[in-house]
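First the structure, in the form of structure tokens, and then the observations on it.
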Amino acid sequence: MDLMPILSTLRRHKTAAALIVLEIALSCAIVSNALHLISQRVDSMSRQSGLAESELLVLEVADISRSEDQDAVSARDLQALRALPGVRGAMLANQVPYGDNSSNSGVAVEPGEGVNKESVSTYIVGESALEVMGLRLLEGRDFTPQEFQLQSKVEFDPELAIPSVILNRAAAQKLFPGQSALGKLVYVFGEKPQTVVGVVEKLQPPHPKGGSFLIEDAAMLLPVRPSFGTGNYLLRVDPARRAELLNQAVASIEKVDSRRIINRKQTLSEMRDEYFAPDRSMVGLLSGVCLALLVVTAFGIVGLASFWVQQRSRMIGTRRALGATRGQILRYFQLENLLLSGLGIVIGMVGAYALSLLLMQSYEMPRLPWSYLPIGALLLILLGQMAVLAPARRAAALPPVVALRM
């Protein structure tokens, strides 16, 4: 099929053709960026914390009584919680994934001032942390009882050293790229080093995303028994008894000392759902915007193609009378739509990149990868070909005699 008749026809219908081109360009620009943002949100929601989320309960307790011996209160709490039937383990931690607190430390691989330090999310935990949290050990071992220090003593005795640390794989690769971190020395606090005694596969920071960006998930465990003040008790339980054991755990805490406030009593799964609720809403909203734009674009193409079929009935009849087949008439409209879609997509790609730069400057969004432009282009080409198919088939079905009488 010669392109010249198509180009000649489009020149006679400049306004209608320009409107379709602009509509496709706008859809391409918005859909490409929306798909990128949806992909980011889905990636964020699919990230695993490394913890046995379905088996963990979280109690965030605040001490308003200012107990003189907070370590003793913590010990009584843990003893009561571990004694509950169905509780496989209990621990106290300074922070938990999807929680309100976030603690980070600068970690170096050599001593001294001015050395390069990597920011690593810091979990201070008591005994049996790996078992309670459900972390998978890749290398090395768990902490030994002799390695644990009390947080209350560490804070007031700078000479008291923390002997060891367990890194997650992301932190190990970040600090010691291309080599095993096991047995290496790191410097978390001051000039006294900590020995890497283990590497776990996955341990997510409390906030796996920062703003619109996914943050690096470098994290570590320190053998420091948290002192009670405002802390998070983690209980590993039978998933089928989570609701029952959550109420029993609250009652046990209150029985030890009722002069405390329980700010949170949830399963870790519920905390994850709440944390990612805005992301799910954003995915739904952006998906709806994409669908609405594609539907409007499709209706625009169908409407314009149907209008042009009516306007060109005599031309179609003449071509059929001169020997044009139904397939040739069908390909004529499909090629015409392909030309309009192609021009709109080229303009839309430029607009997509410009929109991405605007989002970067105004909302600190990441740059749109070029790989999303072909995806948006292919989607709109397929949409255009599907939308024009029905009007083109009606045009191809017109008998020459009927068409010439119009």
Side chain proximity check, Met220 to Ile166, heavy atoms < 4.5 angstrom: no
Distance-only polar pair, side chains of Gln48 and Glu53, donor-acceptor under 3.5 Å: no
OG on Ser356 to CD on Gln361, rounded to 0.5 Å: 10.0 Å
Thr297 side chain to Ser27 side chain, donor-acceptor N/O pair below 3.5 angstrom: yes
side-chain contact (heavy atoms from CB on, under 4.5 Å) partner of Tyr123, the single match among Val224, Leu203, Leu222: Leu203
Whether over 12 other heavy atoms sit under 6.0 Å from Met45 CE: yes
Cationic N near anionic O, under 4.0 Å, Arg225 to Glu127: yes
Non-hydrogen side-chain atoms of Val200 and Leu138 separated by less than 4.5 Å: no
Asn232 CG to Leu56 CG distance, which is reported to the nearest 0.5 Å: 12.0 Å
For Tyr187, all residues meeting ring pair (Phe, Tyr, Trp, His ring centres under 6.0 Å), sequence neighbours excluded: none
salt_bridge(Glu55, Arg88) N-O dist < 4.0 Å: yes
Carboxylate-amine/guanidinium contact Arg264 Asp100, below 4.0 Å: yes
Side-chain heavy atoms of Ser252 within contact of Leu84, under 4.5 Å: yes
Cationic N near anionic O, under 4.0 Å, Arg260 to Asp77: yes
Donor-acceptor side-chain pairing of Ser102 and Gln95 below 3.5 angstrom: no
Min side-chain heavy-atom separation Met386-Leu389 under 4.5 Å: no
Contact check, side chains of Leu59 and Ile253, non-hydrogen atoms, under 4.5 Å: yes
Atom CZ of Arg393 with >12 non-hydrogen neighbours under 6.0 angstrom: no
Contact check, side chains of Ile262 and Glu254, non-hydrogen atoms, under 4.5 Å: yes
Modelled atom types, side-chain donor and acceptor of Ser306 and Arg394, under 3.5 Å: yes
Spacing of Gln266 atom CD and Arg272 atom CZ [to the nearest 0.5 Å]: 14.0 Å
Validation row: Pro391, Phe333 side chains within 4.5 angstrom (heavy atoms): no
Tyr233 and Leu78: CA distance, side-chain angles, deciding distance, side-chain contact (heavy atoms from CB on, under 4.5 Å) verdict: CA-CA 8 Å; Tyr233 287 98; Leu78 291 171; 3.8 Å; yes
Heavy-atom check, side chain of Leu382 versus side chain of Gln385, under 4.5 Å: no
Compile the donor-acceptor pairs under 3.5 Å between side chains in residues 284-294 and protein atoms, sequence neighbours left out, one pair per line.
residue: Ser287; atom: OG; partner: Val283; partner atom: O; Å: 2.7

Residues Tyr372 and Ser39: side-chain donor-acceptor under 3.5 angstrom: yes
Aromatic plane relationship, Phe276 with Tyr98 - under 30° parallel, 30 to 60° tilted, over 60° perpendicular: perpendicular
Check: Glu147/Ser164 side-chain N/O donor and acceptor closer than 3.5 Å: yes
